[in-house]
Amino acid sequence: GLFMAPPPKKKGAANVKKQAPVEENINHVIRDAALEAAAKGVEVSTASGVDGATELLKNLRTGEEPQADAHPERRRKAAFKDYEEREIPRIREENPGLKLSQIKEIIFKNWQKSPENPMNEAQLAAAGPPGFP
């Protein structure tokens with residue numbers, strides 16, 4: 001069979017569909033609110049998702065004294081990596097004949113006692129200020 005194109009539609013006022021009103025872009029609304037608040041000297045923070053909101057609330061400054069980190073083990077790996085990268089050149093300079101594995105052993109032993117170790121911060125915070133039983 002032959003296929004025939006549909007007859008051309010008539011252009012006119014009768015065929016105009018009503019368009020739904022365009023919703024306002026939520027990102028623009030948030031940005032504008034943040035700019036208005038910044039102009040008034042108010043700090044605004046936003047987060048999306050449960051993890052982002054939890055982190056935002058955890059870091060919220062309420063004027064109270066900051067509490068000890070509840071989960072230092074979550075920061076331990078990254079903190080050790082930074083510490084190790086910084087210490088390797090120093091230990092290598094002090095001990096030029098050592099293998100990298102020996103240097104890393106020394107660094108790890110130093111890390112166990114280091115105040116940069118988040119686990120040590122948690123133990124120090126739990127023990128309280130020095131001089132108190």
Side-chain angles (χ1 to χ4, degrees):
L2 285 171
F3 289 101
M4 293 180 55
K9 292 186 179 179
K10 296 177 184 169
K11 293 181 182 175
N15 272 348
V16 174
K17 291 183 180 178
K18 292 184 180 177
Q19 289 185 339
V22 177
E23 287 186 37
E24 201 168 2
N25 185 330
I26 188 67
N27 295 319
H28 293 187
V29 173
I30 292 170
R31 181 198 60 206
D32 293 345
L35 290 173
E36 285 178 31
K40 295 177 186 173
V42 176
E43 185 180 334
V44 174
S45 299
T46 60
S48 64
V50 173
D51 292 337
T54 304
E55 194 62 32
L56 186 85
L57 289 171
K58 207 184 308 177
N59 296 326
L60 189 63
R61 282 181 262 135
T62 59
E64 295 177 16
E65 209 172 294
Q67 295 180 348
D69 190 355
H71 300 285
E73 64 278 0
R74 293 182 183 166
R75 294 184 296 116
R76 181 177 48 197
K77 193 173 185 179
F80 176 68
K81 188 176 175 190
D82 291 343
Y83 180 80
E84 187 179 54
E85 286 175 7
R86 214 176 42 249
E87 290 292 303
I88 287 175
R90 186 180 70 80
I91 300 292
R92 182 170 272 150
E93 194 176 296
E94 292 174 5
N95 307 284
L98 294 182
K99 298 178 195 172
L100 181 60
S101 61
Q102 294 170 310
I103 290 172
K104 287 188 173 191
E105 281 181 32
I106 292 171
I107 291 171
F108 186 73
K109 286 178 185 173
N110 293 343
W111 172 250
Q112 299 296 328
K113 298 173 258 178
S114 171
E116 292 179 49
N117 184 340
M119 299 308 285
N120 291 342
E121 289 174 16
Q123 290 168 355
L124 291 173
F132 288 97

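Any value given below was found using the heavy atoms of this structure, including those in side chains, with hydrogens, waters and symmetry copies removed.
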- Yes or no on side chain to side chain contact (heavy atoms under 4.5 Å, CB included) for K81 and K77, after CA distance, side-chain angles and deciding distance? CA-CA 6 Å; K81 188 176 175 190; K77 193 173 185 179; over 6 Å; no
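- From E116, atom CD reaches atom CD of E87 across 7.5 Å, with rounding to the nearest 0.5 Å.
- Taking both residues in full, the closest heavy atoms of N117 and R76 are given as OD1-CG, 4.5 Å, listed atom of the first, atom of the second, then distance.
- Within the structure, ring pair (Phe, Tyr, Trp, His ring centres under 6.0 Å) pairs that include any residue of residues 88-114 comprise F80-F108, F80-W111, Y83-W111 (at least two apart or interchain).
- Evaluation of the side-chain hydrogen bond (donor to acceptor under 3.5 Å, both in side chains) rule for E24 yields no partner, not counting sequence neighbours.
- Listed for the S114 side chain is no donor-acceptor partner under 3.5 Å among the backbone atoms of N110.
- For the side-chain contact (heavy atoms from CB on, under 4.5 Å) test, no residue two or more places apart in sequence or in another chain qualifies with A38.
- Here I30 sits in one hydrophobic cluster together with I26, V29; the rule is ILVMFWY side chains under 4.5 Å apart, joined directly or through other members.
- Judged as a salt bridge (charged side-chain N to carboxylate O under 4.0 Å, His left out), and not counting sequence neighbours, E36 has no contacts.
- By the side-chain contact (heavy atoms from CB on, under 4.5 Å) test, N25 pairs with N27, H28, sequence neighbours left out.
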Using residues 93-100 as the side-chain source, report each donor-acceptor pair under 3.5 Å to any protein atom, sequence neighbours left out, with the distance given to one decimal.
from	atom 1	to	atom 2	distance (Å)
E94	OE2	R90	NH1	2.8
N95	ND2	I91	O	3.2

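- Distance check: R92 CZ to I103 CD1 gives 4.5 Å after rounding to the nearest 0.5 Å.
- Under the side-chain contact (heavy atoms from CB on, under 4.5 Å) criterion, E55 pairs with K58, N59, sequence neighbours left out.
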